[in-house]
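Working notes for the structure below.
In what follows, every chain begins at residue 1, and chains take the letters A, B, ... in the order their sequences are listed. In what follows, every heavy atom counts, from backbone to side chain, and hydrogens, waters and symmetry copies are set aside.
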Amino acid sequence: MAEAKKEQTTTHKIGIYLWIWGLLFVLSFFSYMVDWYNFQGLLRWSLILFFMFLKAGLIMAFFMHLFWERYALVNVLLWPMTAIACFVGLMVAEGKYTVFSRLFYFFVGGA
Amino acid sequence: MFTGLLFLAVIIGSIVFHIWTPWWWTDIASNWSAMDDTIILSFWIGGGVFILVCLFMVYCIFRYQYKEGRRSEYKPEDKKLEKGLTWLTTIGVVALLAPGLVVWNNYIRVPDNAIQVEVMAWQWGWKYRLPGQDGKLGASNNRIISDDNPYGLNIDDPNGKDDVFVESNELHLLKDRPVKILLRSIDVLHNFYVPQFRSKMDAVPGTITYYWFEPNKNGEYEVLCAEYCGVAHYAMRGKVVVEDEESYNKWLLEQETFSSFTAKNRNNKLNKKKFVKINNLSSNKNSILKEQDVR
Amino acid sequence: MSDLNLDKLPGGFKGMSEDIGSDQTTFKGVNWGKAMMWIFLLSDTFVFSCFLVAYMKVRASVVEPWPYPSEVFALEMMGVPVPLLLIAIMTFVLITSSGTMALAVKYGYEKNRKMCGWFVLLTAIGGLTFVGMQAFEWSKLIFHDGVRPWANPFGAEQFGAFFFMITGFHGTHVSIGVIFLFIFARKVFRGDFDTGRRGYFTTMKSDYVAIEILGLYWHFVDLVWVFIFAFFYLW
Amino acid sequence: MSDELNINKKRKNQIKTKSSAASGRGETDIDYVRPAELPEQDLYHGHSFITKWIFCQDAKVIGVQYTLTAVFTGVVGLILSWMMRMQLGFPDLFPFLTAETYYQMVTMHGMIMVVYLLTALFLGGFGNYLIPLMVGARDMVFPYVNMISFWMFFVAVVVLMASFFVPGGPTGSGWTLYPPQAILEGTPGSGYGILLMLISLSLFVIGFTMGGLNYVITILQARTRGMSLMRMPLTIWGIFTATVLALLAFPALLVSSIMMTLDKVLETSFFMPTIIKAGEALSYDGGSPILFQHLFWFFGHPEVYIVALPAFGIVSDLISVHSRKNIFGYRMMVWAIVGIGALSFFVWAHHMYVSGMSPWFGFFFATTTLIIAVPTALKVYNWILTLWRGNIRINTVMLFCLGFIVTFVNGGITGIFLGNVAVDVPLSDTYFVIAHFHMVMGIAPLMVIFGAIYHWFPLVTGRLMDEKLGKWHFWVTFLGAYSIYFPMHYLGFIGVPRRYFEMYDSPYMTSAVGMNEFISVAAFIVGAAQFIFFYNLVKSLRLGKPAGKNPWKANSLEWLTPDVPPTHGNWGEKLPVVHRWAYDYGVPGAKEDYIPQTTAPSEVKDAEVEKT
């Protein structure tokens with residue numbers, strides 16, 4: 001029963017939460033700055049993705065306690081993302097192909 | 001006993017049906033005999049596996065039918081056998097896949113001397129557009145389709161001026177000359193399919209798709225729509241005539257060109273506004289296009 | 001759950017293969033409800049991924065210019081348009097609420113009823129603020145800028161459609177979360193988790209682990225916002 | 001409310017029996033069993049008719065509810081298929097069959113059979129009934145959510161059936177619901193019909209997610225002592241993997257449904273490019289129809305395996321039990337199931353070779369698709385190797401298994417045709433495709449479903465089904481269905497396109513008329529034969545021979561409950577303790593030719609059991 005149950009998850013010091021919390025604000029500020037300074041092109045995209053994944057990673061690892069979970073759970077949660085990665089990759093290719101065909105046949109002509 | 005015999009009959013029946021079937025593909029009329037070859041290859045390999053597996057099953061039914069008191073063999077695994085079967089299957093799969101990929105590679109690479117033909121699909125019928133003397137089709141856009149401009153051609157595109165309109169469901173093609181079919185749809189998905197040519201591809205509104213083939217047999221062929229496109233899908237038929245140069249040219253001369261069509265309709269005011277919008281866009285996007293011109 | 005001592009089990013990949021090879025539970029020390037929430041979040045990740053993939057695919061293939069989000073979402077501050085100001089504040093609010101939720105979970109572990117309850121309540125208020133700001137953002141776009149799902153004055157018409165659909169779907173998640181946060185705040189203060197009172201519908205015993213499960217959901221909502229912020233507002 | 005609860009007696013932490021170690025590491029007898037890690041489960045026992053049979057939280061009742069609802073929709077689907085065959089075999093004979101109704105029937109038949117019959121029956125029906133029993137749990141981990149899951153499904157079915165009665169009728173856009181035509185005039189049911197379909201699908205997804213989470217967590221977190229993953233029956237492996245696939249694939253369906261609903265209702269342009277209707281451009285602009293196909297098949301291909309994998313798992317168990325032999329290569333079977341499931345997320349666009357997507361995708365998807373053929377073929381080998389040197393009972397269950405092997409191998413091989421990109425080009429969108437998928441995911445899984453019902457009917461009701469009627473049912477169904485779909489491939493070779501309401505005026509197709517008539521007659525007979533089955537079901541329910549405990553002499557846990565049929569809570573006082581895999585048949589040295597999973601090694605001292 002509930003009262004007989006042993007504590008399953010170890011508690012953590014409050015400091016770590018506050019640290020991550022602060023880091024999230026800083027990272028959000030940085031990604032906002034990407035827009036503020038109006039970086040363009042590859043630099044913009046890579047910075048956006050970098051900050052995005054860093055923030056997501058921090059939230060998952062510490063706020064959602066994935067860092068302290070056993071590998072069985074972590075792996076079960078992360079491997080399916082390869083399917084999404086594949087989907088994303090192929091849709092990038094597909095999007096490029098579509099816009100290419102549209103511009104080529106609808107605007108340039110001379111096919 | 002009875003069970004085994006009936007299953008045996010099913011397998012033998014399948015083989016017999018396959019050998020003596022009166023239902024088989026139509027005579028091929030294009031260069032894609034390689035597709036037929038890959039099908040036959042799949043038949044040999046796949047059919048062989050089917051027969052072997054089923055015969056083995058029937059053998060087991062006969063040989064190991066239930067007998068009171070008999071024990072089955074206790075052998076949970078046989079690593080060697082399993083490994084052997086894995087390799088055998090892998091080899092079979094590679095043998096099937098490799099030729100398929102080679103044929104597909106040919107299918108998506110259009111030869112340089114191919115004639116462009118635009119197939120314009122609509123609910124429910126076909127229209128065609130051929131390039132004129134310059135061998136090029138003008139830019140088109142469904143947005144600007146109107147009575148005066150049934151193909152939605154950009155009037156500022158010089159390539160489009162001499163384009164030939166075929167406003168019937170009958171298309172003529174030159175024998176032994178590759179054609180690149182450019183598929184265009186103004187409403188929903190369609191699919192330009194002539195069984196004798198083996199090849200097909202969907203026409204998708206909002207983009208242009210293509211495939212190519214080389215008709216190599218004179219004759220008249222029926223065009224079927226092979227992608228469900230609404231209630232009259234089954235009635236969306238057309239005709240392709242493959243013929244020699246002489247009669248082809250005669251047919252070509254009878255068709256109308258874009259300029260002659262516009263001349264006829266000169267009195268009608270064209271919708272200028274839409275063209276302006278389209279042209280502005282095209283200059284903006286030229287740079288993107290260059291970047292992505294991977295061909 | 002009796003004498004299972006997680007510290008004695010091997011960790012890392014060795015632990016993983018042993019966990020998977022073991023009997024009874026695959027995720028050692030993970031409560032049923034928590035495991036269920038994790039798998040649900042995995043499924044929900046696929047939902048949001050599909051939305052975002054669809055958005056990126058369409059955005060990549062339209063020929064009309066895509067509106068520049070930092071201009072569309074700019075706010076006038078003292079006569080100067082500040083790009084993405086509201087969005088920045090919304091991000092700030094959501095991260096704040098995520099932090100308070102993390103603390104609520106921490107105090108939940110410690111069975112600290114008071115602190116846990118207050119932080120859950122704070123989180124709920126943060127979430128409510130977020131939803132309110134989103135409502136403001138929507139109404140500004142609709143009534144002030146004239147953006148509609150089927151059209152917008154800035155360019156490609158899918159802009160409005162994807163914006164309303166994705167933020168709407170995310171906002172629905174936030175709203176559901178807020179409702180549950182308020183319910184759970186009440187439950188915490190009432191002491192349900194200390195007495196193990198049974199749920200009205202489910203007849204299941206209440207336990208502080210519910211706060212952790214709710215926390216997972218709430219952090220997930222924040223996580224999704226990180227991606228929406230990057231892909232929709234910054235990209 | 002809490003006084004209605006029966007809290008099961010707290011189990012002892014340690015059971016002092018001489019038994020092998022429950023964990024994976026031990027093969028020798030050890031004197032202890034690991035302490036239980038599972039929390040005690042509260043079960044809500046219903047007391048009134050409503051809480052016992054309608055809003056019931058017992059997974060077994062929910063399983064039966066799922067099964068009955070799914071079978072009901074299946075009968076609707078069967079009747080629709082009859083009407084389609086009436087038109088195709090004998091056109092013009094039935095004036096009430098117009099093109100509109102024909103396409104509506106095609107669509108509803110497809111959707112009902114794939115989603116509302118097969119998915120719901122395998123996962124909702126068999127999953128609910130068998131998972132707790134086979135892994136040794138008292139119930140699903142969250143019975144309340146499980147109950148809601150069924151009622152969501154029920155509402156989804158009601159919404160789906162309601163579309164038959166709205167103005168314009170149900171949608172007639174084909175089960176793939178491709179836009180733009182699905183939501184444009186020119187397709188029957190493009191008004192209310194398609195909307196109800198999309199709503200029904202969304203409800204189904206939501207309901208299924210609730211159930212699916214239960215199945216997954218029950219299998220992962222609530223197994224009994226000694227039941228490691230590698231001791232689970234393959235049935236559970238199949239259902240488990242399929243459920244995981246469903247949880248990850250249905251989101252794509254949900255998303256595409258939502259987006260298409262918005263396209264329909266709000267005239268957004270997600271999937272809708274510029275469209276000219278009656279000479280006028282509609283308000284849509286710039287959308288991408290192919291995107292829908294990608295989303296749909298990102299769901300749709302895993303969906304094929306959502307149907308196939310439970311069938312694989314169940315048939316493995318049936319073959320093993322009834323040929324009195326251990327399943328051959330159990331570990332390979334498990335890895336094949338998991339591998340097929342994982343790969344199924346990387347092959348979706350093989351349904352789209354001729355859709356006009358980027359042509360370079362053909363190489364990628366043909367390769368991944370044919371890779372899947374390897375584990376699938378291995379499964380087939382293992383099934384027939386299980387028969388080999390077995391002691392095969394030729395009863396109705398085994399007949400259905402054999403029928404499954406024949407139809408599945410046949411359909412699997414035609415799948416290799418269609419997965420291989422260049423071979424697919426001439427065959428796609430023809431009757432070859434119809435023949436292929438009916439063989440592989442219509443007839444083959446149905447064979448398993450029938451086999452499974454004959455097999456587990458004694459467990460559910462305590463009575464055996466009639467063997468004689470069962471054999472008749474099998475032979476008519478199997479031979480009939482085979483003679484429907486085997487010749488149909490050849491219609492595809494001729495080039496007959498699918499989804500044609502009427503097709504005979506093409507010069508080269510006239511030879512197919514006779515075959516179409518034959519196929520239709522066969523379809524009527526096969527459909528009618530199902531009523532033998534229903535008769536058998538009802539008759540055996542009341543008059544069947546009492547089965548007693550474990551009538552098939554099977555090893556797996558579901559037959560080892562203290563009560564037959566099992567009661568709520570399944571196991572009485574104590575949960576079972578598992579000592580071995582479920583396939584110890586014909587073990588040399590053992591007294592009987594089967595050793596149930598709960599038998600401790602010390603009880604069968606002389607048996608030469610291999611390490612499992």
[X] portion near chain B, given a 4.5 angstrom heavy-atom threshold:
X      : answer
D:Y330 : backbone
D:L184 : side chain
D:M515 : both
D:E185 : backbone
D:I384 : both
D:I494 : both
D:Y482 : side chain
D:F474 : side chain
D:Y381 : side chain
D:L491 : neither
D:L402 : both
D:Q104 : neither

Using a 4.5 angstrom heavy-atom cutoff, name the option from [options] with the most pairs to chain D.
options                       : value
B:C54, B:A34, B:P150, B:C225  : B:C225
B:A232, B:A226, B:A203, B:G4  : B:A226
B:F56, B:W32, B:W25, B:Y59    : B:F56
B:L85, B:T26, B:V103, B:T21   : B:L85
B:S42, B:G152, B:P99, B:G206  : B:S42
B:T207, B:L97, B:V204, B:L189 : B:L97

Ignoring hydrogens and geometry, is there a side-chain-to-backbone donor-acceptor pair from [X] to [Y] under 3.5 Å?
X      : Y      : value
B:R71  : D:V587 : yes
D:N391 : B:K67  : yes
D:T274 : B:R143 : no
D:W360 : B:I108 : no

So how far is it from [X] [atom1] to [Y] [atom2], rounded to the nearest 0.5 Å?
X      : Y      : atom1 : atom2 : result
D:I394 : B:Q65  : CD1   : CD    : 5.0 Å
D:R389 : B:R70  : CZ    : CZ    : 11.5 Å
D:N326 : B:E77  : CG    : CD    : 9.5 Å
D:I276 : B:Q123 : CD1   : CD    : 12.0 Å
D:R499 : B:E227 : CZ    : CD    : 7.0 Å

Any non-hydrogen side-chain atom of [X] less than 4.5 Å from a side-chain atom of [Y]?
X      : Y      : answer
D:N420 : B:T38  : no
D:I275 : B:N142 : no
B:K75  : D:K325 : no
B:F2   : D:W475 : yes
B:S72  : D:S323 : no
B:C60  : D:I392 : yes
B:T86  : D:M332 : yes
D:P487 : B:F17  : yes

I'd like to know which of [options] tops the heavy-atom pair count under 4.5 Å against chain B.
options                        : value
D:W383, D:Y102, D:Y585         : D:Y585
D:V406, D:N382, D:L479         : D:V406
D:G586, D:P375, D:P426, D:P497 : D:P426
D:T367, D:V380, D:T386         : D:T367

Discussion item. I'd like to know whether B:Y64 forms a side chain to side chain contact (heavy atoms under 4.5 Å, CB included) with D:W388, so could you lay out the CA-CA distance, the side-chain angles of the two residues, the decisive distance to 0.1 Å, and finally the verdict.
Written reply: CA-CA 7 Å; B:Y64 301 107; D:W388 189 45; 3.6 Å; yes
Considering only heavy atoms, which portion of [X] lies under 4.5 Å from any heavy atom of chain D: side chain, backbone, both, or neither?
X      : answer
B:D78  : both
B:L81  : side chain
B:P22  : neither
B:T209 : side chain
B:D37  : neither
B:F62  : neither
B:R198 : both
B:E73  : both

Are [Y] and [X] an aromatic pair, judged by ring center distance below 6.0 Å?
X      : Y      : result
D:F417 : B:W44  : no
D:Y353 : B:Y107 : no
B:F7   : D:F478 : yes
B:H18  : D:Y490 : yes

Practice prompt. Taking all heavy atoms of B:S199 and all of D:V425, pick out the closest pair and write down the distance.
Written response: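 Looks like CA-CG1, 3.8 Å.
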Worksheet entry | Residue pair B:I45, D:I416: steps toward the side chain to side chain contact (heavy atoms under 4.5 Å, CB included) verdict | CA-CA 10 Å; B:I45 297 181; D:I416 293 179; over 6 Å; no
Tell me yes or no: between the side chains of [X] and [Y], is some donor less than 3.5 Å from an acceptor?
X      : Y      : value
D:T430 : B:Y193 : no
D:D584 : B:Y74  : yes
B:Y228 : D:T187 : no

